[in-house]
Every structure is written in C-alpha cells, then in structure tokens.
Participant: 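Submitted below is the structure of interest, expressed as structure tokens.
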Amino acid sequence: MEAEAAALLGKYIGAGLACTAMAGAGIGVGNVVGNYLAGALRNPAAAGGQTATMFLGIAFAEALGIFGFLIALLLMFAV
C-alpha cells in the first residue's frame with residue numbers, strides 16, 4: 001500500500017518538476033521580445049529585417065515549454 005502511494009507521489013512530483021519548463025519558456029519569450037524591442041528602439045531601420053528572427057526565437061522557446069508540458073502529461077497519465 002505504501003509503495004503505491006510513494007509511486008503516485010513520485011509521479012506527481014515529477015510532473016510538477018516537468019512543468020517548470022513552461023516557466024522557463026515564459027522567461028525565454030520575454031527575453032527574446034525584450035531584446036528585440038531594445039534593438040528596434042536603437043535602430044528602427046533594421047527592425048523590419050529582424051522580425052522573422054524574433055518569431056523564430058519565440059517559436060523555439062515555446063516549443064521547449066510545450067515539450068515540458070507533454071512530458072508532464074505523460075508522467076501523469078501514461079506511466
């Protein structure tokens with residue numbers, strides 16, 4: 001009985017730790033957009049050429065957050 005409770009507790013702790021990737025993704029997106037805005041304010045003429053790079057950085061940061069969320073779901077429901 002205690003082994004099942006410990007396994008369930010470990011599963012929930014692991015899922016919670018995997019969800020910290022979503023916090024990291026939020027920090028990453030904020031960092032990417034903040035640096036883009038800082039650069040765009042310094043040189044507005046070059047801002048248009050860097051927009052695609054900003055969206056690519058946002059996509060990569062969000063993909064890592066979604067991956068962490070997927071791992072948390074797998075830990076909760078598939079293991």
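This structure is a prediction, so every number in the text was calculated from the model and none was measured.
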Participant: Only pairs under 3.5 Å count here: list side-chain donor-acceptor contacts from residues 25-35, not counting sequence neighbours, and write none if there are none.
Facilitator:
from	atom 1	to	atom 2	distance (Å)
Asn31	OD1	Asn35	ND2	3.0
Asn35	ND2	Asn31	O	3.3

Participant: Treat each ILVMFWY residue as a node, draw an edge where side-chain heavy atoms are under 4.5 Å apart, and state whether Ile71 and Met22 are in one component.
Facilitator: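 Result: no, two separate clusters.
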Participant: Could you go through residues 1-13 and list every donor-acceptor pair under 3.5 Å that involves a side-chain atom there, pairing it with any protein atom two or more places apart or in another chain?
Facilitator:
from	atom 1	to	atom 2	distance (Å)
Lys11	NZ	Val79	O	3.3

Participant: If hydrophobic residues (ILVMFWY) are linked whenever their side-chain heavy atoms come closer than 4.5 Å, directly or via other members, who joins Ile66 in its cluster?
Facilitator: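 Taking Ile, Leu, Val, Met, Phe, Trp and Tyr as members, Ile66 stands alone, with no cluster partners.
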Participant: Identify, with sequence neighbours excluded, every residue that meets side-chain contact (heavy atoms from CB on, under 4.5 Å) alongside Phe60.
Facilitator: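 Phe60 satisfies side-chain contact (heavy atoms from CB on, under 4.5 Å) with Leu56 once adjacent residues are dropped.
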Participant: Is it true that, when you exclude Phe69 itself, more than 12 heavy atoms of the residues, nucleotides or ligands shown sit nearer than 6.0 Å to its CZ?
Facilitator: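 No - once you tally the heavy atoms of other residues, nucleotides and ligands closer than 6.0 Å, there are 12 at most.
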Participant: Going by side-chain hydrogen bond (donor to acceptor under 3.5 Å, both in side chains), name the residues that satisfy it together with Thr20, two or more places apart in sequence or in a different chain.
Facilitator: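 Expected list: none.
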Participant: If you look only at distance, which donor and acceptor atoms sit under 3.5 Å apart when one is on a side chain in residues 40-50 and the other is two or more places apart or in another chain?
Facilitator:
none

Participant: What pairs with Ala72 under side-chain contact (heavy atoms from CB on, under 4.5 Å), at least two apart in sequence or on another chain?
Facilitator: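 For Ala72 the side-chain contact (heavy atoms from CB on, under 4.5 Å) partners, ignoring immediate neighbours, are Ala15, Ala18, Cys19.
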Participant: Is Phe67 reachable from Leu75 through a run of I, L, V, M, F, W or Y residues, each pair having side-chain heavy atoms under 4.5 Å apart?
Facilitator: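 Looking at the clustering, Phe67 is in the same group as Leu75.
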